[in-house]
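Heads up: numbering here begins at 1 and tracks the sequence.
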Amino acid sequence: MSVKRGLTKKEVHFIAKKFNLRITGTYSIKNGLVDIDGDFYLTHTSLQKLPLKFGKVSGDFICSSNTLQTLIGAPISVGGNFNCYGNKLKSLKHSPTDVGGDFSCHENSLISLNGSPKNIKGNFNIFLNQLKNLKGGPQIVAGSYHAFNNRLTTLEGAPSYIGGSFHIANNRLKNLVGISKYIGNILSIDNNISMYMGSQNCCVQKIEIEIQEPKQKEPLLPLLLIENKKHLPAVFRYMSYLDIFSEEGIFNELNFLDIIYDLNAGLR
């Protein structure tokens, strides 16, 4: 019976030189996996998969701007940032389960977030992909969540908690059903969306609205809401108790004006 020989440092050195890999710090090999006490860089190659398999990386793991079609071999744990943007990934399967900083996978061909970590300790960057929903993605994002310029038709799967801002402009959303319960800074949307969010409330600090050409005859966001956007965070906190939208998402202008009157009078 043949015994499979383990990976050697000489082989790692050869692969690193061949593909212009850069490792800052020291590394060791355990059970065929490369552990790095430092950072790893692999960029601007034609590689479709990682040339090595990694275990733990204490610093950043950068494999951006290649032609990767899979994350097989990616580290199990990354202490710093994990960056795989600018590849040809359709899935995040085989992503690290633990990332200490930002997780960046923008400018790929992602159609699913399955495989991404459930808890992001930094920013989550998924803009410029082909995503139609956020299912399978993280449920807690300590930093900001950048999901603009996708094909989102629903916010289903959005995190319950976002510590920073939530950017979802330039998608195909009709409403905000499924929005996060807590957004620590800014919610950024465009005027081609209704603010109907079903029976849910959302605690958010500020709302920014990007004005675009309507995708239908009239933009889904009434001008009255845009003109009163400074009051919208207070409205969002109690949306499920306010009769502003019907179950069909139809805006009730008179009820909204009554609420704005109360807010201008000092209601908080």
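Using bins of under 30°, 30° to 60° and over 60° for the plane-to-plane angle, the ring pair Phe148/Phe127 lands in the parallel bin. Under the 30°/60° scheme for interplanar angles, the aromatic rings of Phe166 and Tyr145 are found to stand perpendicular. Between Tyr241 and Tyr238, the angle of the ring planes lies from 30° to 60°, which puts this pair in the tilted group.
In this structure, the separation between CG on Leu187 and OG on Ser165 is 9.0 Å, given to the nearest 0.5 Å. Rounding to the nearest 0.5 Å gives a distance of 7.0 Å between CG of Leu232 and CD1 of Ile260. Between Ile183 atom CD1 and Cys203 atom SG the span is 9.0 Å, to the nearest 0.5 Å. Note that the OG atom of Ser116 and the CD1 atom of Ile126 stand 8.5 Å from one another [nearest 0.5 Å]. We find the CD1-CD1 distance between Ile189 and Ile209 to be 5.0 Å, quoted to the nearest 0.5 Å. Atom NZ of Lys132 and atom CZ of Arg151 lie 7.0 Å apart (nearest 0.5 Å).
Within the 3.5 Å criterion, the main-chain N or O of Leu225 finds no donor-acceptor partner in the side chain of Asn228.
Each of Ile186 and Ile211 belongs to its own hydrophobic cluster when Ile, Leu, Val, Met, Phe, Trp and Tyr are linked at side-chain heavy-atom distances under 4.5 angstrom. Tracing side-chain contacts under 4.5 Å through hydrophobic residues (I, L, V, M, F, W, Y), one never reaches Ile111 starting from Ile168; they form parts of separate clusters. Cluster membership for Leu242 and Val177, using ILVMFWY side-chain heavy atoms within less than 4.5 angstrom, is shared.
Considering Asn123, Asn83, Ile120 as possible partners of Asp102, the one that fulfils the side chain to side chain contact (heavy atoms under 4.5 Å, CB included) test is Asn123.
Heavy atoms of other residues, nucleotides or ligands lying less than 6.0 angstrom from NZ of Lys118 number more than 12. A 6.0 Å sphere centred on OH of Tyr85 holds no more than 12 heavy atoms belonging to other residues, nucleotides or ligands.
Judged purely by distance below 3.5 Å, without hydrogens or angles, the side chains of Asn201 and Ser240 pair a donor atom with an acceptor atom. His106 and Asn125 are not linked by any side-chain donor-acceptor pair at a separation below 3.5 angstrom, with hydrogens and angles left out of the test.
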Enumerate, atom names and distances included, each donor-acceptor pair closer than 3.5 Å involving a side-chain atom of residues 51-79, sequence neighbours excluded.
{"from": "Ser58", "atom 1": "OG", "to": "Asp37", "atom 2": "OD1", "distance (Å)": "3.1"}
{"from": "Ser58", "atom 1": "OG", "to": "Gly38", "atom 2": "N", "distance (Å)": "2.8"}
{"from": "Asp60", "atom 1": "OD1", "to": "Asn81", "atom 2": "N", "distance (Å)": "2.7"}
{"from": "Asn66", "atom 1": "OD1", "to": "His44", "atom 2": "N", "distance (Å)": "3.3"}
{"from": "Asn66", "atom 1": "OD1", "to": "Thr45", "atom 2": "N", "distance (Å)": "2.8"}
{"from": "Asn66", "atom 1": "OD1", "to": "Thr45", "atom 2": "OG1", "distance (Å)": "2.7"}
{"from": "Asn66", "atom 1": "ND2", "to": "Leu42", "atom 2": "O", "distance (Å)": "2.9"}
{"from": "Asn66", "atom 1": "ND2", "to": "Cys63", "atom 2": "O", "distance (Å)": "3.1"}
{"from": "Asn66", "atom 1": "ND2", "to": "Ser64", "atom 2": "O", "distance (Å)": "3.0"}
{"from": "Thr67", "atom 1": "OG1", "to": "Ser46", "atom 2": "O", "distance (Å)": "2.7"}
{"from": "Thr67", "atom 1": "OG1", "to": "Leu47", "atom 2": "O", "distance (Å)": "2.9"}
{"from": "Thr70", "atom 1": "OG1", "to": "Ile72", "atom 2": "N", "distance (Å)": "3.1"}

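Legend: ring pair (Phe, Tyr, Trp, His ring centres under 6.0 Å) pairs involving residues 176-196, not counting sequence neighbours, sorted by first then second residue: Tyr161-Tyr182. The list of side chain to side chain donor-acceptor pair (under 3.5 Å) pairs with a residue in residues 87-98, not counting sequence neighbours, reads Asp98-Lys121.
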